Amino acid sequence: MNRRVRRKLICRKGKEKLILPSYLEIECEIADLDLKQTVDWTCLPDDTVIQLFSCLNYRDRANLSSTCRTWRVLGLSSCLWTSFDLRAHKIDAAMASSLASRCNNLQKLRFRGAESADAIILLLAKNLREISGDYCRKITDATLSAIAARHEALESLQLGPDFCERISSDAIKTIAICCPKLKKLRLSGIIDVNAEALNALSKHCPNLLDIGFIDCLKIDEMALGNVASVRFLSVAGTTNMKWGAVSHQWHKLPNLIGLDVSRTDVGPVAVSRLMSSSKSLKILCAFNCSVLEEDAGFTVSKYKGKLLLALFTDVVKEITSLFVDTTKKGENMLLDWRNLENKNKSLDEIMMWIEWILSHNLLRIAESNQHGLDNFWLNQGAALLLSLMQSSQEDVQERAATGLATFVVIDDENASIDSGRAEEVMRCGGIRLLLNLAKSWREGLQSEAAKAIANLSVNSNVAKAVAEEGGIDILAGLARSMNRLVAEEAAGGLWNLSVGEEHKGAIAEAGGVRALVDLIFKWSSGGDGVLERAAGALANLAADDRCSTEVALAGGVHALVMLARNCKFEGVQEQAARALANLAAHGDSNTNNSAVGQEAGALEALVQLTHSPHEGVRQEAAGALWNLSFDDRNREAIAAAGGVEALVALAQSCSNASPGLQERAAGALWGLSVSEANSIAIGQQGGVAPLIALARSDTEDVHETAAGALWNLAFNPDNALCIVEEGGVPALVHLCYASVSKMARFMAALALAYMFDGRMDECALPGSSSEGISKSVSLDGARRMALKNIEAFVQTFSDPQAFASAAASSAPAALVQVTERARIQEAGHLRCSGAEIGRFITMLRNPSPTLKACAAFALLQFTIPGGRHALHHASLMQNAGASRALRTAAAAATAPLQAKIFARIVLRNLEHHNIESSL
């Protein structure tokens, strides 16, 4: 079909000027078009439709073809199916056969994996010119030989960059015999390329110009020197090279222009001989050649007209010297070359090879994460990768984007990146380049660009730049892609961007929440990478109150529970559990907590995940159960699902685990123990001892949650006695005076007060527990130790001068001063039951002055105006008749001063809440 001549046609609509692309043949049609009418797309000229189809990926092209019969016929046009990129798909025999009707004119094919390689011959693409495959480790001689035999017109074959370990010289020989038109052959990781195979290439492939035996174990150097047609040769990363033979033989190659020996042990002698002896050689690439780099005396300046590209040379300057017109030298020499007015075919050929070897070697160097290359990356490497991203070669663009994604990462395990490198990419305009690449219709470019954006966005400054450049909308759009690889990398970008609180709302507004939830349903099986990233992004978003609601409305609860129940990949399990934990963390502002608990199988799945062999999964599952246990119905349902036994077992097994897991295990038991029935069950299951062990932790968050759990457990007399017998008193006493956490000290004091307010004495009959008590100290000794430290704890919140003023005056200001001194801010988040409040009221009548003061101090914390549950506690106290006990304590002549003043403050708080509730 002939290419139409295009020009701009100006039409007017009212006062607006519209510039429309048009074709000469249909100019009259456009001129007569009434723009106010609805456009009938089916009336478009055939070549316009085909041009439109050519801008779409294969999937969208096929979908659009199904619109009508005319477009279906046009969609089958052979000119639309000259290339296939099948890397996102596993092509089996059935799929290949179904595609065969479109492959008569197929010339270029990219695939991934051995299974797809086996199916290539079923495409019946006899006119195939280029084949490129990756993940080819399992491809065999038989498969490769069959491909070569069926495609005699083949001109380019590239397999890599992963090692083709199962391909031998026999397959190379078959390629040579079956593909006489071969111009380019690049293979990676061949174990042995022998003389027979190389001689076959020399004999049968007279047009073979570009050879790459990359990362091979052994090559016959002498035989390779017989391939006289070769112009560009790469042996990068190949070992066991005899450089003496190379320098004596390869300089005789009459057409050799470019040679790549990067990542080898080539030395200065061999390089010098090649540079000086070869008449045709113009470029020698030697990146990351340690022997050459360590020779401080080596210089290439004496070889005029020869270029050496290495880590220690100015690559931009070297390449720029290839241009005849050097008057316009910019930082982007590759872009300068592409914009040259006078094209030179020979120069173009050289520059395209340079682009390829640069992209390949820079990626390999980035993957090695070699130390000591910061200066190279900051001064040259980043700019080179950005320049390569603008190449006309799609595989070069992809590899450059992958290089950007890789070179910034310094610790993949902990997702750490080099901020200097990331910000250098940003400074050089890399964010806009990557986003433009991500908007390409080519899915391979979309995937690699999204990956680079994701990794760079770990840096908060880059993340801000991505958001400002419209990157969130682009990534949200890519997350809807039907291509799993594209969707996976886009989800990864949203995951990293969602770390920033300032980006969460923008992600939600861009439809990112819905896209991420849909990803989980779309790839619920066979997509561990995309599922982990989608769940991770949702976990971050769920930490925000508004976004948490959107996640639930989009079906996120069901999706995440489905992952927790069915997925076996630990990364997905961990992120799904974390997302559910964050969804359940907003109990005061939305209904997600109860919604998660009511989702079928949710609690059972989380309980089951606490048995996972992977610590991260156990930690997040315990965290989710902790948050869910704040809901009364969830708390009992968790216990019914075996949660008590599972969490006690987890606490028992995590003595050497990370502080995060220890905190969540203790926290989940703390949450469950709010229920007296669960508290008793925890004690009976052996939960006391591991909680005491965690209370001895030096980590504040760990011993604080353990103290909270022990406080709840101590409410039950049997548990209280068990705490004494297991040596819990010294642990709690230590927290009382040594913890930097006021909350830990407070809850440890309350636990000790519960244990020794007299109720435990009913369980500890004379002689009945002497054996158990001998494990630490006697019961009387434990009581004295506990009361002494409770008194000291309360004393630390008592200002003698403020107490004296309050005792001498009934003015509110004096009580306010005492309150501010005594306030424990975090205690306002604690929610007590009626039984607990009643116990503290009873404790006000205890003969022990220390316990009276402790009870009054506790009630003060629970009723301070502004506390989350202060009004709830005030109501419980009113119902329990607390006012009389408080007045008695405040007026008692024998009561300690702290008890009197604290009781007066609590009475004042109750009056405040009574007035507040009546308004």
Side-chain angles (χ1 to χ4, degrees), residues 78 82-84 100 103-111 117-133 136 139-160 164 166-188 190 192-214 216 219-235 249-250 252-259 280 345-346 348-349 352-353 356 393 395:
S78 58
T82 58
S83 67
F84 260 157
C103 296
N104 292 332
N105 202 38
L106 186 63
Q107 296 184 21
K108 183 177 180 180
L109 175 67
R110 303 184 75 178
F111 72 93
D118 291 333
I120 286 176
I121 58 176
L122 299 177
L123 293 173
L124 305 179
K126 294 182 178 181
N127 295 314
L128 202 56
R129 300 287 190 273
E130 299 179 31
I131 295 178
S132 177
C136 299
I139 291 181
T140 63
D141 277 358
T143 298
L144 188 55
S145 297
I147 291 173
R150 297 293 183 94
H151 302 96
E152 297 179 1
L154 199 63
E155 296 179 359
S156 174
L157 176 62
Q158 301 183 68
L159 301 179
C164 304
R166 302 176 68 178
I167 294 176
S168 71
S169 291
D170 291 340
I172 298 175
K173 182 179 177 182
T174 302
I175 293 169
I177 295 171
C178 295
C179 305
K181 296 181 180 180
L182 197 65
K183 296 179 180 180
K184 182 186 297 180
L185 178 65
R186 293 170 179 161
L187 303 175
S188 296
I190 308 298
D192 182 12
V193 185
N194 62 29
E196 187 177 2
L198 293 168
N199 289 333
L201 289 172
S202 177
K203 178 180 178 181
H204 298 287
C205 302
N207 299 316
L208 187 56
L209 307 178
D210 189 334
I211 297 178
F213 291 120
I214 301 164
C216 296
I219 297 175
D220 191 303
E221 303 87 349
M222 299 300 290
L224 187 53
N226 295 329
V227 187
S229 61
V230 67
R231 302 188 66 183
F232 302 102
L233 174 60
S234 176
V235 291
Q249 182 71 11
W250 290 5
K252 300 176 185 177
L253 289 168
N255 299 302
L256 185 64
I257 296 174
L259 175 61
S280 60
K345 183 178 179 181
S346 177
D348 290 350
E349 191 178 47
M352 291 182 74
W353 182 76
W356 193 90
Q393 303 179 76
D395 58 340

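All values derive from a computational prediction rather than experimental measurement. The basis for the numbers below is simple: all heavy atoms, side chains too, and nothing from hydrogens, waters or symmetry mates.
- In this structure Ser168 satisfies the side chain to side chain donor-acceptor pair (under 3.5 Å) test together with Asp141, sequence neighbours excluded.
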Subject >> Residues Leu109, Leu123; criterion side-chain contact (heavy atoms from CB on, under 4.5 Å); working and verdict >> reply: CA-CA 10 Å; Leu109 175 67; Leu123 293 173; 4.1 Å; yes
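- A distance of 10.5 Å separates CG of Leu208 from CD1 of Ile175, quoted to the nearest 0.5 Å.
- Side chains of Ile121 and Ile147 form a contact here, defined as non-hydrogen atoms less than 4.5 Å apart.
- Going from atom CZ of Arg231 over to atom CG of Asn255 covers 6.5 Å, rounded to the nearest 0.5 Å.
- The minimum heavy-atom distance between Leu182 and Ser156, with the atom names listed, is CD1-N, 4.0 Å.
- Shown here are the side chain to side chain contact (heavy atoms under 4.5 Å, CB included) partners of Gln107, two or more places apart in sequence or in another chain: Asn105, Arg129.
- Of all heavy-atom pairs spanning Ser229 and Leu209, the tightest one is O-CD2, 3.6 Å.
- With sequence neighbours left out, Ser234 forms a side chain to side chain donor-acceptor pair (under 3.5 Å) with Asp260.
- Between the side chain of Thr140 and the backbone N or O of Arg166, no donor-acceptor pair lies under 3.5 Å.
- No donor-acceptor pair closer than 3.5 Å links the side chain of Thr143 to the backbone N or O of Ala117.
- With sequence neighbours left out, the side chain to side chain contact (heavy atoms under 4.5 Å, CB included) criterion links Lys108 to Ser83, Glu130.
- Shown here is Glu152, whose CD atom has no more than 12 heavy atoms of other residues, nucleotides or ligands within 6.0 Å.
- Under the rule for a side chain to side chain donor-acceptor pair (under 3.5 Å), the partners of Asp348 that lie at least two apart in sequence or sit in another chain are Trp337.
- Between the CG atom of Leu201 and the CD1 atom of Ile177 there is a distance of 10.0 Å, given to the nearest 0.5 Å.
- The salt bridge (charged side-chain N to carboxylate O under 4.0 Å, His left out) search around Glu196 returns Lys173, not counting sequence neighbours.
- The closest donor-acceptor contact from the side chain of Ser202 to the backbone of Ala228 lies at 3.5 Å or more, if one exists at all.
- Shown here for His151 and Cys179, the closest heavy-atom pair between the two residues is O-SG, 3.6 Å.
- Take Arg186 and apply the side chain to side chain contact (heavy atoms under 4.5 Å, CB included) test, not counting sequence neighbours, and it matches Gln158, Lys184, Asp210, Trp353, Trp356.
- Every side chain to side chain contact (heavy atoms under 4.5 Å, CB included) that Cys178 has, sequence neighbours left out, goes to Ala148, Ala149, Thr174.
- Nearest heavy atom pair, residue Ala223 against residue Asp220, reads N-OD1, 2.9 Å.
- Under the 3.5 Å distance criterion, the side-chain polar atoms of Trp250 are matched with a main-chain donor or acceptor of Glu221.
- The side-chain contact (heavy atoms from CB on, under 4.5 Å) test with Ile219 is passed by exactly one of Asp192, Leu224, Ile190: Leu224.
- Scanning for side chain to side chain donor-acceptor pair (under 3.5 Å) contacts around Lys183 gives an empty result, with sequence neighbours left out.
- Residues that satisfy the salt bridge (charged side-chain N to carboxylate O under 4.0 Å, His left out) test with Arg110, not counting sequence neighbours, are Glu394, Glu398.
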Subject >> Steps toward side-chain contact (heavy atoms from CB on, under 4.5 Å) verdict (Leu198, Asn226) >> reply: CA-CA 8 Å; Leu198 293 168; Asn226 295 329; over 6 Å; no
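- Exactly one of Val193, Ile172, Ile214, Ile211 qualifies for a side-chain contact (heavy atoms from CB on, under 4.5 Å) with Leu187. That residue is Ile172.
- Here Leu106 contributes atom CG and Lys126 contributes atom NZ; the two are 14.0 Å apart, rounded to the nearest 0.5 Å.
- Atom CG of residue Leu253 and atom CG of residue Leu259 lie 9.0 Å apart, to the nearest 0.5 angstrom.
- Shown here for Leu233 and Leu256, the closest heavy-atom pair between the two residues is CB-CD1, 3.9 Å.
- In this structure the side chain of Leu157 reaches within 4.5 angstrom of the side chain of Leu144, judged on heavy atoms.
- For the atom pair Leu128 CG and Phe84 CZ, the distance stands at 11.0 Å (nearest 0.5 Å).
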**OP:** Go through the steps to decide whether Met352 and Glu349 satisfy the test side-chain contact (heavy atoms from CB on, under 4.5 Å), and finish with yes or no.
**Re:** CA-CA 5 Å; Met352 291 182 74; Glu349 191 178 47; over 6 Å; no
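- Considering only heavy atoms from C-beta on, Leu159 comes within 4.5 Å of Cys136 through its side chain.
- Scanning both residues, Pro206 and Pro180, for their nearest heavy atoms gives CD-O, 3.8 Å.
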